[in-house]
Structure formats: structure tokens, C-alpha cells
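The structure under discussion appears below in the form of C-alpha cells.
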Amino acid sequence: MRGLDFNAIADRVLSGEDITDEEAMAILDCPNEELLLLLNASYKIRSFYYGNKVKLNMIINTKSGLCPENCGYCAQSIVSKAPIEKYAMMKQEEIVAGAERAASVNAGTYCIVASGRGPVNRELEIVVDAVKEIKSKHRDMTVCACLGILKPEQAKRLKEAGVDRYNHNINTSAAHHNNITTSHTYEDRVNTVSLAKEAGISPCSGVIVGMRETKADVIAMARSLHAMDADSIPVNFLHAVDGTPLEGTKELTPRYCLKVLCLFRFMNPTKEIRISGGREVNLRSLQPLGLYPANSIFIGDYLTTAGQESDRDKQMLEDMGFEIDLEPLGKEALVK
């Protein structure tokens, strides 16, 4: 759909309308010569809710590898032959020390991640005690946990400890899910997000783009997250690790990644859209333009892959005229 008026569509989105599947496909198919027009329209929505502020997130991999799941993208899965570091659950003091590092670089959200299907009691207790200590020292820090599939009582314990947000990505569309993993269902992931929300924890769920899905799958992902009302949406771009089933997959271009970010902003206008794993290797020199639709990034390293140096990220924000958002969760100037 060449010549689509993206600015007019943005106005409709700001008035509360949802975009159609045809318009969504037109965003992903946007001609490259019209990409700046699409980015401008996306920024119109993003700036209405978030101004020029960017949220910084830092991740800690508290348990690496040793996972019984067969997710095709993951270097930590049982089917992976990737030569990664493997270790059991960190000690409480190590997790707390990670929060200190996050605070030192103005990361407002600290993400506590552990591999595995879901936490066993001993692992949950370590996280609970660590979160209590972190919150006693950094009351305004947003603590996000990502521990796999939860049980209702586990979600309640995390809420009581002070966990603000729980992440469990849907990763792909319901239709494409079984092409990526068969050791759990798409519904298992959706149910965990619902459990966290029912416990009073802010729901976080996102995707990995570039896993041999169709554009229709990408649209379905964005629409599913809209239906789930996820507050924070990490958009990962596949960094295919050697030794995983998706080794050698290279479907993405920087321009297409920007179009995906625009789609997620149009379909989830009020939400935190976070450029996540694979940002550096897929957006490459176009990373700064991703901040026109997105309002959040990870700084530092990811789970098993290296990220960009935090000094370069901060220079990027400064060069683009953006500022770090230090508002704690629940106090954003956001109309939902």
C-alpha cells in the first residue's frame, strides 16, 4: 500500500482507534523511501505518551543453561550445543550486587532472569530474599523477575517480596509456536502472564522477530500483546547463536526491524516498547532511529550475548536529544 498516510493513521490511534490488519501489513511493507514518514508518525504516538524520555533496563542472568526446554532460539536449552557458561542459581548477595551496578548506570528497571521451565522453591526463596534487600536499598527501582512458568502461590510470593513486574515472553505467534518449541505450549506462556497480573504484578511480555515467521505472524504477535494488555513489550531481534537449531538464520535487515518497532508502537500506543536482544547486530548503524517508535532499551549484556557498552548507549541518547527516564513504575506521566 504505497502512499499510505501514516500520520493520519497515527491521529486515529491517538483518538483510541485500532489499526486494521491491512494497515499493519502496510507498515511492515512500507517502501524504504517512505520509512522516515513512518518513523515520524510513530514518534508522534510515542512522544504523546512518553515525550523524549527513554527507560533503561539492565538484566542479570542468575542461572545459566541447564534448561530442560527445547526452544530453538535459546543457547541455554537442552537442544543447544552452544558453548555457553553454565551455572546454578546465584547467591542472594550476587543478585543484590547486580542491582547496585544497575543503579550506578541509572537503569530504572533491574531484570532478574533465570533459565529453566520454572523456579523450584529454593530458587524462588533466593529471589524473594534478594528482592526484599534490593527494595530496602532502592525503593524506586523497578524490579522485574523472569523465572519461567509460574504457579499462583509463586506469583503471590514475588508480589509480597516487592517484585514490580514479571516477564514471560510469548516469543512468537500461536500459529508459529510449535515450530519454535514443543516442550511447553503457547497457552502456558499466556497463562503465566495472566497469573502475574492477577497477583498484582505489572505484566511484561514480548517477542523475538526473525525466527522464520511470516509478516502475518508478526502482526498476530503485536495484536496478542494488545489483547493481553502487557504493560511492557520487549521486542527482540533474533541473534542466531551457533549451536542452536536456528543457527545461521539471517532474515532481518535494519530497515525491516525499524518497521517492526513502528508496528508495535501503532498497535500498542500507550505501552513501553523496549528494543531488546539483537539490537546491536540487527539494527546496526540504524539503532538511534529505533528510539523514534520505542521508548526503552536494555543496556549492558544480555543473557548469553554481549550488548553495546553503556557509555555508547548514553552517548546515543544524548546525540538524539533523548533523556533517561528515572520515574519509578506507577509514577509515569502516562495515560493508559
Side-chain angles (χ1 to χ4, degrees), residues 10 13-14 18 39 42-59 102 105-113 140-146 163-171 189 193-194 196-197 200-209 218 221-237 257-258 260-279 283 287-300 302 307 313 316-317 320 322-336:
V13 168
L14 289 173
D18 294 333
L39 287 166
S42 300
Y43 177 72
K44 186 174 189 177
I45 302 170
R46 177 245 203 271
S47 63
F48 181 84
Y49 291 105
Y50 293 99
N52 274 353
K53 292 187 176 182
V54 177
K55 295 177 180 292
L56 300 184
N57 306 258
M58 181 170 278
I59 197 168
V105 295
N106 289 323
T109 301
Y110 179 55
C111 305
I112 300 171
V113 183
D140 288 340
M141 177 177 281
T142 297
V143 176
C144 178
C146 177
V163 169
D164 302 288
R165 178 164 280 166
Y166 195 84
N167 167 261
H168 200 52
N169 292 334
I170 58 170
N171 285 329
R189 290 184 169 271
V193 177
S194 297
K197 194 172 183 178
I201 301 174
S202 171
C204 173
S205 188
V207 300
I208 306 172
V209 177
V218 177
M221 297 177 215
R223 206 169 288 289
S224 292
L225 291 168
H226 177 80
M228 291 166 61
D229 200 26
D231 291 331
S232 178
I233 301 176
V235 180
N236 299 274
F237 298 105
C257 292
L258 290 174
V260 168
L261 291 170
C262 290
L263 172 71
F264 275 80
R265 175 54 67 201
F266 271 85
M267 295 189 80
N268 298 278
T270 69
K271 304 304 186 180
E272 177 184 344
I273 305 296
R274 184 189 315 151
I275 316 176
S276 301
R279 164 167 64 98
L283 282 165
Q287 285 185 68
L289 294 179
L291 293 172
Y292 283 112
N295 67 301
S296 181
I297 59 172
F298 273 114
I299 59 172
Y302 302 101
D313 282 331
M316 176 175 69
L317 300 187
M320 293 290 288
F322 289 99
E323 58 181 298
I324 298 172
D325 186 353
L326 297 175
E327 288 291 338
L329 186 68
K331 295 184 180 179
E332 307 98 324
L334 174 62
V335 180
K336 290 191 176 180

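Residue numbers run from 1 in the order of the sequence given.
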Minimum heavy-atom distance [X]-[Y], with the two atoms named:
X	Y	answer
A102	M58	CA-SD, 3.6 Å
L56	V105	CD1-O, 3.8 Å
Y166	C146	OH-C, 4.1 Å

With rounding to the nearest 0.5 angstrom, report the [atom1] to [atom2] distance, [X] to [Y].
X	Y	atom1	atom2	answer
K53	L317	NZ	CG	13.5 Å
M228	R223	CE	CZ	15.0 Å
R46	L291	CZ	CG	6.5 Å
N171	N236	CG	CG	7.5 Å
M267	M221	CE	CE	11.5 Å
L283	C257	CG	SG	5.0 Å

Side chain proximity check, [X] to [Y], heavy atoms < 4.5 angstrom:
X	Y	value
C204	D231	no
L225	V207	yes
F298	I275	no
R274	S232	yes
I45	F266	yes
N167	P234	yes

Any chance the side chains of [X] and [Y] put a donor and an acceptor closer than 3.5 Å?
X	Y	result
N57	S296	yes
D164	T142	no
N295	R265	yes

(request) Report the residues that fulfil ring-ring contact (aromatic ring centres under 6.0 Å, His included) with Y292, sequence neighbours left out, ordered by chain and then residue number. (result)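 Per chain and number, Y292 pairs via ring-ring contact (aromatic ring centres under 6.0 Å, His included) with Y43.
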Is there a donor-acceptor pair under 3.5 Å between the side chain of [X] and the backbone N or O of [Y]?
X	Y	value
S205	A230	no
Y50	E272	yes
N169	G206	yes

(request) Check the pair R279 / D313 against salt bridge (Lys or Arg N to Asp or Glu O under 4.0 Å), numbers first and verdict last. (result) CA-CA 11 Å; R279 164 167 64 98; D313 282 331; 3.0 Å; yes
(message) If the test is side-chain contact (heavy atoms from CB on, under 4.5 Å), which one of L39, V260, L263 qualifies with P293?
(response)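 Output: one option passes, namely L39.
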(message) Determine whether Q287 and I297 satisfy the following criterion, side-chain contact (heavy atoms from CB on, under 4.5 Å), listing intermediate values before the conclusion.
(response) CA-CA 10 Å; Q287 285 185 68; I297 59 172; over 6 Å; no
(request) Apply the test side-chain contact (heavy atoms from CB on, under 4.5 Å) to residues K44 and L14: give CA-CA distance (whole Å), side-chain angles for both, the deciding distance (0.1 Å), then the verdict. (result) CA-CA 9 Å; K44 186 174 189 177; L14 289 173; 4.3 Å; yes
